[in-house]
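The block underneath contains the structure these notes are about, expressed in structure tokens.
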Amino acid sequence: MARWLVKSEPAKYSWDDLVRDGRTEWDGVRNPMAQGHLKAMRNGDLVFYYHSNEGKDIVGIAEVVKESYPDDTDPKGRSLMVDLKAVKPFPTPVTLSAIKSDGRFATIPLVTNSRLSVQPVPDEAWDAICKLGGL
DNA sequence: GCCAACGTTGGC
DNA sequence: GCCAACGTTGGC
């Protein structure tokens, strides 16, 4: 099972919004690299939920509940989306600054490619971040 | 609010 | 197919 991270600006769609809705369509992703990651997602894969701009922290874990299918919000009709559901929040959200200051995470895309909105998370980094967050 | 990094667009 | 101009993301 693969592990991932998605970003969302909480002012647009926050973790609390996802909890309220239970599940949601993860649409609007246009970057080709991020699209490739969406396509590779499988049902049951777990996903860190990161708040960009405000918060700048990983606040919860979501799960892929529908594999990639056409994103009808794309006027060009090229994009895919998946469905995500909320699984559980972090007792202690893990901040970007904590991740950046920890050498174990120096090579993950969150640190090296700050603009990538859907990205894979290596297993070791996943486990370490879960511990930092109290899970 | 600024701006660096990065993608995309479109003229040639 | 190149690349300059432009737009966007997202950390600071």
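First the proteins, then the strands, lettered A, B, ... as listed; each starts at 1.
Using modelled atom types, one finds no donor on one side chain facing an acceptor on the other under 3.5 Å when comparing D57(A) with T95(A).
Considering only residues two or more places apart in sequence or on other chains, K12(A) meets the salt bridge (Lys or Arg N to Asp or Glu O under 4.0 Å) condition with E9(A).
With hydrophobic clusters built from ILVMFWY side chains whose heavy atoms lie under 4.5 angstrom apart, I99(A) shares a cluster with L46(A).
Of the residues W4(A), F105(A), F90(A), the one that meets the ring pair (Phe, Tyr, Trp, His ring centres under 6.0 Å) test with F48(A) is F90(A).
Here the range on DNA chain C touched by chain A, meaning any atom under 4.0 Å from one of its heavy atoms, is dG7(C) to dC12(C).
Comparing K100(A) and K12(A) by the nucleotide of DNA chain C that holds the closest heavy atom to each, the one mapping nearer the 5' end is K12(A). Projected onto DNA chain C by closest heavy-atom contact, E54(A) and R115(A) fall at different nucleotides, the more 5' of which corresponds to R115(A).
Connectivity analysis of hydrophobic side chains (ILVMFWY, heavy atoms under 4.5 Å, direct or indirect) links M81(A) to Y69(A).
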